[in-house]
Undergrad: 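Below is a structure I'd like to ask you about.
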Amino acid sequence: MKKEIFPPNPKYTEDALIGSMDAYWELQNRAKDDYEGFWREYADSKIDWLSPYDKVLDESEAPFYKWFTNGKMNVANQCIDRHLSTKKNKAAIIFEGDNGDQQILTYRELAYEVNKTANMFKNQFNIKKGDRVVLYMPMIPESAVVMLACAKIGAIHSIVFGGFSAEALRDRIEDAKAKLVVTADGAFRKGKPYMLKPVVDVALSKGCESVNAVCVVERNGEDIHWEAGRDYAYNELIKNESPRCEAEPMDSEDPLFLLYTSGSTGKPKGVQHSSAGYILWAQMTMEWVFDLKDNDTFWCTADVGWITGHTYIVYGPLAAGATTVMFEGVPTFPDAGRCWKMVEEYQINQFYTAPTAIRLLHKMGEDEPSKYDLSSLRILGTVGEPIDPPAWKWYYEAVGNSNCAIVDTWWQTETGGHMISPLPSATPIKPACATFALPGIMAEVIEKDGTPTPIGEKGFLCITKPWPSMIRTIWNDPERFEKSYFGDCKIDGKPVYFSGDGAMIDEDGYITITGRTDDVINVSGHRMGTAEVEEAIKKHDNVASVAVVGKPHEIKGEGIFAYVVLKSTPMEHNDEIANEFETVKEINAIIKNEIGAIALCDSMAFVPDLPKTRSGKIMRRILRSLIKGEKITQDTSTLEDPSIVDVIENILNK
Ligand code: WT7
């Protein structure tokens with residue numbers, strides 16, 4: 001199957017936005033010849049400027065690049081108001097609840113809800129331009145409304161995924177110094193209510209001095225603790241607000257949002273995105289990669305707590321004037337046909353999900369897709385991790401009926417939108433391959449000194465020119481920004497953006513992503529820093545040292561595995577087993593508390609020591625090879641105690 005190439009479906013090429021590889025190269029060459037001219041053309045035609053910008057790209061403070069300097073615009077206007085003259089009665093958001101209930105918001109209704117919420121934030125909570133608002137929200141339309149209301153008045157939102165713990169939420173609130181937290185009582189999952197507000201209560205119980213108020217949306221109606229003077233009911237307050245609200249004129253470079261993500265070291269970093277550049281690329285990629293048509297219904301299954309949800313549930317689809325589906329539930333409830341049932345009912349045209357979901361749905365319901373009419377589907381997308389060929393094949397044949405292009409989109413929280421992806425009506429697709437950089441994106445696979453990596457070999461995946469939707473900085477930590485992204489790879493001595501991923505280019509120029517080269521694990525398409533998990537595990541009294549690595553997992557792609565060195569182990573064999581069992585439980589309880597259930601270890605091994613160099617550095621590469629059952633190719637003679645490798649191997653084999 002490796003050699004097979006899938007050409008675009010000729011049925012769709014004719015009226016496609018980019019309908020051939022020639023058209024692709026024409027655009028890409030135009031960008032190469034006149035980079036600023038290329039971007040100017042799109043900025044001028046796609047963005048509703050309130051006042052014009054003076055420079056396309058300002059590189060004077062590189063790598064703190066600025067785009068469309070001094071231009072004024074507003075992202076909420078870009079996503080809603082400017083569409084009202086032509087699309088006021090079109091569905092903007094289709095919501096499906098966990099229990100199957102539905103709600104449809106037209107662009108006009110969305111405008112009213114956003115305006116009322118924006119007015120509420122100004123009038124009731126005194127939120128001003130530049131203030132930070134943290135969202136700890138379920139997948140309900142109000143999440144999109146609140147994001148856009150922030151954009152409308154120039155507040156910076158920072159969404160914390162609902163699966164993070166109170167500790168993780170507190171860290172993010174404190175780092176952003178948020179003034180307001182917006183949450184919900186809870187929501188529904190697999191037919192049962194779950195809670196969010198109690199987690200906010202715990203997060204705010206110690207610290208979070210910056211927070212003045214908590215605004216609570218009612219979703220599941222469960223009883224919650226109410227702190228008078230701090231907690232406010234969204235559904236009550238909104239009744240008094242006007243549905244008219246002037247958009248705050250925002251500078252192109254004013255931050256639109258922060259989104260915390262894991263790095264290879266230290267605490268999560270607040271990735272800061274801009275207004276104009278971000279929304280421009282969100283819209284352009286939405287149109288190009290999903291070959292968007294006016295009557296399309298687009299469904300991205302991500303959660304708004306991740307970048308995929310930001311860009312391809314809310315900002316991209318709405319900026320492009322599309323109809324976007326928001327789903328509160330999980331793909332396997334009430335059964336593994338849930339997604340296909342929804343595709344049939346809403347006549348979904350583009351379906352965008354993560355390989356981990358595809359593997360799960362494949363495993364749980366191989367024949368489920370055949371029970372539904374999926375003929376509306378034109379494009380299938382994947383994101384977040386490499387997709388394996390068997391999952392690709394099932395997606396292509398069983399879900400797409402061998403009729404749909406699969407766009408394997410490579411990008412990151414930091415890139416804001418897609419970087420490398422097939423174009424559905426242009427690119428001949430090789431399965432499980434992200435193919436080519438999008439027009440305007442200069443992706444290269446290089447060595448650290450900038451020399452191009454030979455064809456077929458693994459190198460560092462870099463983006464060698466700034467692009468409009470790139471991360472602007474790390475909130476509160478510009479030094480870390482420079483070091484994290486512009487510290488490793490240089491071309492002609494000039495630092496270029498290094499993604500942290502490895503990649504390979506084949507003889508046809510196709511780019512295949514080979515995965516992270518750093519200590520970041522990709523669990524079910526979600527990024528987890530090993531250092532964060534290790535910090536949590538070290539909080540256990542009896543843990544002397546620990547190293548966390550990714551372990552291949554059938555569904556999740558990678559699971560979390562910990563090598564733990566305990567301070568003391570009981571002598572008695574039986575006790576030891578019992579003690580280890582208890583310790584595993586205790587360690588996972590700490591992780592759940594410190595980070596959240598998404599960071600739980602799948603398994604762990606108690607080892608007498610870790611392989612360390614004489615200078616004390618843990619040789620993680622050996623630990624990674626050991627867990628994969630690979631042959632150890634590293635030179636172990638430099639280890640302080642080379643015999644430890646065999647000892648650990650024996651423990652793993654038990
Ligand atoms: C990391 C970014 C971008 C949205 C979701 C994840 C991995 C992403 C692919 C792909 C192989 C991929 C990379 C990247 N990744 N897309 N199509 N093929 N790997 O965002 O949490 O910022 O993680 O996800 O390793 O660096 P994120």
Side-chain angles (χ1 to χ4, degrees), residues 159-161 163-164 257-264 268-271 273 278 281-282 285 289 300-316 352-359 380-389 391-392 395 406-422 427 429-438 441 443 445 458 460-463 469-471 474 484-485 488 497-504 510-530 532 550 556-558 598-599:
I159 308 189
V160 179
F161 172 61
F164 280 117
F257 64 84
L258 311 178
L259 185 57
Y260 285 81
T261 191
S262 298
S264 47
K269 36 198 182 185
V271 171
H273 277 289
Y278 170 79
W281 192 235
T285 50
V289 174
C300 165
T301 69
D303 188 285
V304 287
W306 309 107
I307 191 69
T308 310
H310 283 62
T311 308
Y312 298 107
I313 294 177
V314 180
Y315 287 118
Y352 190 33
T353 195
T356 189
I358 299 166
R359 288 190 291 264
L380 301 172
T382 81
V383 58
E385 48 176 326
I387 178 164
D388 42 294
W392 193 96
Y395 201 31
I406 297 188
V407 289
D408 181 347
T409 60
W410 175 83
W411 59 298
Q412 309 179 291
T413 304
E414 292 86 345
T415 68
H418 303 146
M419 295 276 107
I420 303 177
S421 169
T427 318
I429 290 171
K430 298 189 184 183
C433 172
T435 75
F436 296 98
L438 292 173
I441 301 303
V445 178
K458 262 193 223 178
F460 298 98
L461 177 59
C462 292
I463 313 293
S469 66
M470 70 191 292
I471 172 178
I474 291 171
S484 303
Y485 305 107
D488 290 308
Y497 177 89
F498 171 47
S499 61
D501 280 315
M504 221 153 60
Y510 281 65
I511 305 173
T512 298
I513 313 298
T514 56
R516 302 290 307 192
T517 62
D518 53 12
D519 291 321
V520 168
I521 311 180
N522 194 324
V523 187
S524 306
H526 298 141
R527 220 154 115 178
M528 219 61 258
T530 48
E532 268 171 84
K556 299 185 203 175
E558 271 187 310
I598 48 171

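In listed order, ligands and their atoms are each counted from 1. If you're wondering where the values come from, they're calculated on a predicted model, not measured in any experiment. These values consider heavy atoms only, across backbone and side chains, with no hydrogens, waters or symmetry-generated copies.
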Undergrad: Evaluate the ring planes of His273 and Tyr278, with Trp represented by its six-membered ring, and classify them as parallel (under 30°), tilted (30 to 60°) or perpendicular (over 60°).
TA: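 His273 and Tyr278: tilted rings.
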Undergrad: Regarding Thr409 and Tyr352, do their side chains bring together a donor and an acceptor under 3.5 Å, going by distance alone?
TA: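 Distance-only check passes for Thr409 and Tyr352.
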Undergrad: For ligand 1, which is the ligand I care about here, please tell me if Thr308 has any N or O atom under 3.5 Å from one of the ligand's N or O atoms.
TA: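 Checking ligand 1 against Thr308, no N or O pair falls under 3.5 Å apart.
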Undergrad: Would Gly515 count as a contact residue for ligand 1, given that I'm defining contact as a non-hydrogen atom of the residue lying under 4.0 Å from a ligand atom?
TA: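 False for this residue.
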Undergrad: Identify, for atom 7 (C) of ligand 1, the protein heavy atom at the shortest distance, and state residue, atom and that distance.
TA: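 Its nearest protein heavy-atom neighbour is Gly384 O, 3.2 Å.
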Undergrad: For ligand 1, which part of Asn522 has a heavy atom less than 4.0 Å away: the side chain, the backbone, both, or neither?
TA: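 Looking at Asn522 and ligand 1, just side chain atoms fall under 4.0 Å.
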Undergrad: Looking only at distances, can you tell me whether any N or O atom of Thr409, backbone or side chain, sits closer than 3.5 Å to an N or O atom of ligand 1?
TA: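 Such a contact does occur with ligand 1.
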Undergrad: Run the side chain to side chain contact (heavy atoms under 4.5 Å, CB included) test on Ile358 and Thr353 for me, step by step, so that the C-alpha distance in whole Å, both residues' side-chain angles and the decisive distance to 0.1 Å come before the verdict.
TA: CA-CA 7 Å; Ile358 299 166; Thr353 195; 3.7 Å; yes
Undergrad: List the closest protein heavy-atom neighbour of atom 3 (C) of ligand 1: residue, atom name, distance to the nearest 0.1 Å.
TA: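 Protein heavy atom at minimum distance: Trp411 O, 3.2 Å.
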Undergrad: Between Gln412 and ligand 1, find which residue part has any heavy-atom pair under 4.0 Å and reply side chain, backbone, both or neither.
TA: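 The answer is both, backbone and side chain.
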Undergrad: Would you say the ring centroid of Tyr485 lies under 6.0 angstrom from that of Phe498?
TA: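 Ring-ring flag for Tyr485/Phe498: false, centres at least 6.0 Å apart.
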Undergrad: Does Thr382 reach ligand 1 with a nitrogen or oxygen that is under 3.5 Å from one of the ligand's nitrogen or oxygen atoms?
TA: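 In this structure, Thr382 places no N or O atom under 3.5 Å from an N or O of ligand 1.
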Undergrad: For ligand 1, is there an N or O atom under 3.5 Å from any N or O atom of Asp501?
TA: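 In this structure, Asp501 places an N or O atom under 3.5 Å from an N or O of ligand 1.
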Undergrad: Does any N or O atom in His526 lie less than 3.5 angstrom from one in ligand 1, N or O only?
TA: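 His526 vs ligand 1: no N/O contact under 3.5 Å.
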Undergrad: Consider ring-ring contact (aromatic ring centres under 6.0 Å, His included). Of Trp281, Trp411, Trp410, which one does His418 pass it with?
TA: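 Filter result, single survivor: Trp411.
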Undergrad: Would you call the rings of His310 and Phe257 parallel, tilted or perpendicular if under 30° counts as parallel and over 60° as perpendicular?
TA: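 Tilted.
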Undergrad: Which atom pair, heavy atoms only, marks the closest approach of Gly417 to Thr311?
TA: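 In terms of heavy atoms, the two residues are closest at CA-CG2, 4.3 Å.
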Undergrad: Relative to ligand 1, is Ile307 under 4.0 angstrom through side chain, backbone, both or neither, heavy atoms considered?
TA: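 Side chain only.
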Undergrad: Among Glu385, Met419, His418, Arg516, which one puts a heavy atom closest to atom 18 (N) of ligand 1?
TA: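 Looking at heavy atoms only, Glu385 sits closest to atom 18 (N) of ligand 1.
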Undergrad: Would Thr413 count as being in polar contact with ligand 1, using the rule that some N or O on each side must be under 3.5 angstrom apart?
TA: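 Among all N and O atoms of Thr413, at least one is under 3.5 Å from an N or O of ligand 1.
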Undergrad: Would you say Leu380 and Val407 make side-chain contact, with heavy atoms under 4.5 Å?
TA: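 No, every pair of side-chain atoms sits at 4.5 Å or beyond.
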Undergrad: Report yes or no: does Pro386 have a heavy atom closer than 4.0 Å to ligand 1?
TA: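 Checking ligand 1 against Pro386, which is what was asked, there is a heavy-atom contact under 4.0 Å.
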